[in-house]
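Some notes on the structure that comes next.
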2 protein chains.
Amino acid sequence: MVFVSSPLPDPPRRGRPARAAQSERTPLSRERIVDAAMAIVDAGGLDALSMRSVAQALGTGPASLYAHIADKDELLALLIERVAGELELPEPDPERWQEQLKAMVRATHYGLLAHRDLARAGLANIPLGEGALRFSDRMIEIMRSGGLPGQVVAYGCDLLPLYAVATAYEQALYAERMTTEEGERYIAEIGEYFAALPADRFPNIVALAGPLVAGGGEGERFEFGLDVLVAGLAAYGRGGW
Amino acid sequence: MVFVSSPLPDPPRRGRPARAAQSERTPLSRERIVDAAMAIVDAGGLDALSMRSVAQALGTGPASLYAHIADKDELLALLIERVAGELELPEPDPERWQEQLKAMVRATHYGLLAHRDLARAGLANIPLGEGALRFSDRMIEIMRSGGLPGQVVAYGCDLLPLYAVATAYEQALYAERMTTEEGERYIAEIGEYFAALPADRFPNIVALAGPLVAGGGEGERFEFGLDVLVAGLAAYGRGGW
DNA sequence: ACCTGAACACCGTTCAAGT
DNA sequence: ACCTGAACACCGTTCAAGT
């Protein structure tokens with residue numbers, strides 16, 4: 001009876017919409033949830049991410065997600081963890097430890113910015129997953145190779161990622177709110193606003209109006225802070241200032 | 001006809017609840033809205049702040065607020081601006097410019113923390129109100145008095161408040177989620193977790209487990225970063241490194 | 001164990017209508 | 001000009017019920 005065992009497509013069912021591909025039929029998992037969530041963030045920013053939008057992308061209802069993740073906060077932590085796990089780690093070279101340290105901070109900063117305003121969720125948790133730990137371990141190793149004392153290394157391990165995330169946070173907010181062009185116009189307008197302020201009450205802002213909004217764009221501003229931090233840490237390693 | 005002009009209390013009206021005091025009868029204004037919003041944040045944290053909770057505190061409905069403020073983002077900006085306006089500014093003394101700079105960063109950090117987790121709203125806007133401008137003007141003046149070049153002053157004016165806010169942001173999140181005691185226990189647990197990690201895969205974290213979670217509490221951690229930043233800026237002033 | 005529909009208790013914002 | 005009630009289009013999370 002060949003007919004019996006031959007595979008047949010599911011008969012159409014009334015009131016049930018056809019589902020796209022089989023992906024929506026495979027069982028839910030943390031990984032699939034994080035995949036869908038990241039795709040939503042990449043497409044529409046963090047505001048587009050909701051338990052409901054993730055559920056919809058997976059062809060189910062929001063309640064189903066709670067069998068796999070505790071709450072939305074955990075989902076955000078998993079997204080951050082995923083970014084951390086994808087960052088490239090330099091092979092330690094003691095000769096170049098400061099430059100390598102900077103490379104790790106840049107990787108974090110731009111790695112976050114690659115996912116719209118995901119950085120907004122980056123200050124909320126100490127990431128303790130596998131990827132974040134590998135990142136931290138490497139960062140410690142590189143600072144150690146520069147001869148920094150233990151407590152400086154420990155604090156530096158907090159301070160540098162804090163800087164990477166906070167700057168990405170700020171930049172991402174503006175990137176979400178306006179185009180690059182609009183952003184440049186906005187910065188220019190602030191410059192004019194500063195210059196037009198009453199000089200008797202805000203003499204220092206008026207005098208510095210140009211440089212306050214200038215510097216070669218966000219990149220240079222970011223690099224300046226990075227220089228200050230890494231050089232500051234290095235100075236501690238040489239025995240204070 | 002004396003009776004006619006004699007003042008009478010309003011007759012009781014059916015279906016209209018008595019209102020507490022007269023405050024709810026005075027007309028709405030930005031200031032009253034910000035007052036009410038700040039009181040809500042101080043009492044219940046940023047999560048307790050909604051257009052609805054503010055309206056309720058003012059004895060009206062949420063729609064009424066929109067005659068005075070554009071949206072919730074503007075309300076948050078006004079709250080940050082209020083904090084900025086209340087920060088104490090040091091009288092510039094060129095002999096002590098680095099210490100004064102630190103005092104301004106500390107004032108910002110702890111000024112934010114005085115309002116629960118309001119710092120969570122502090123990275124979203126460049127505050128351009130009167131109070132924020134006075135603060136910035138003074139900060140520029142003090143950095144200038146230390147002989148720092150213009151572009152360093154300009155960048156520093158961004159970098160230092162960013163540090164003050166980002167650290168307050170992080171700390172406030174934990175303060176909202178747990179008591180000081182629970183926080184200490186959590187930190188201790190992370191320390192144990194670090195120490196118990198497989199030493200072959202995370203040798204540097206394991207080796208540094210103690211210092212990573214130690215250092216005399218948040219205050220010392222904050223001061224460390226502040227030292228690094230101010231000393232780093234000062235080094236730029238002396239002609240780079 | 002995993003998934004679901006429905007509900008609960010909220011949001012920010014808009015808008016026509018009132019004064 | 002200022003304020004309001006009601007509605008719109010959402011939220012995160014819970015829970016009893018299903019398989």
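Lettering of chains follows the sequences in order, A, B, ..., and the numbering in each one begins at 1.
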State whether A:H68 places a side-chain N or O below 4.0 Å from either non-bridging phosphate oxygen (OP1 or OP2) of C:dC3. yes

Evaluation steps, side-chain contact (heavy atoms from CB on, under 4.5 Å), between A:L160 and A:T108: CA-CA 10 Å; A:L160 293 177; A:T108 305; over 6 Å; no

A:R177/A:D117 ion pair, N-O < 4.0 Å: no

Across all strands shown, which nucleotide pairs with C:dC3 by Watson-Crick or G-U wobble geometry, both distances under 3.5 Å? none

Around atom CD of A:E176, are there more than 12 heavy atoms from other residues, nucleotides or ligands closer than 6.0 Å? yes

C:dC10 and D:dA9, which share atom name P, separated by this distance in whole Å: 22 Å

When you check every protein heavy atom under 4.0 Å of nucleotides 8-19 of chain D, what one-letter string (B, S, -) results, 5' to 3'? ---BBBBB----

Over how many whole Å does the gap from B:L65 atom CG to D:dC3 atom C1' extend? 11 Å

Using the benzene-type ring in the case of Trp, are the ring centres of A:F202 and A:F194 under 6.0 Å apart? no

Only pairs with both distances under 3.5 Å count, Watson-Crick or wobble alike; so what is the partner of D:dA17 in this structure? none

Angle class for the B:F224/A:Y155 ring planes (parallel below 30°, perpendicular above 60°, tilted otherwise)? tilted

Provide the Watson-Crick or G-U wobble partner of C:dG12, both distances under 3.5 Å; none if there is no partner. D:dC8

Is the distance from OP1 or OP2 of D:dT4 to the nearest side-chain N or O of B:S64 less than 4.0 Å? yes

In whole Å, I'd like the distance from the CZ atom of A:R30 to the C1' atom of C:dC2. 15 Å

Does B:R120 pair with B:D47 as a salt bridge, N-O distance under 4.0 Å? yes

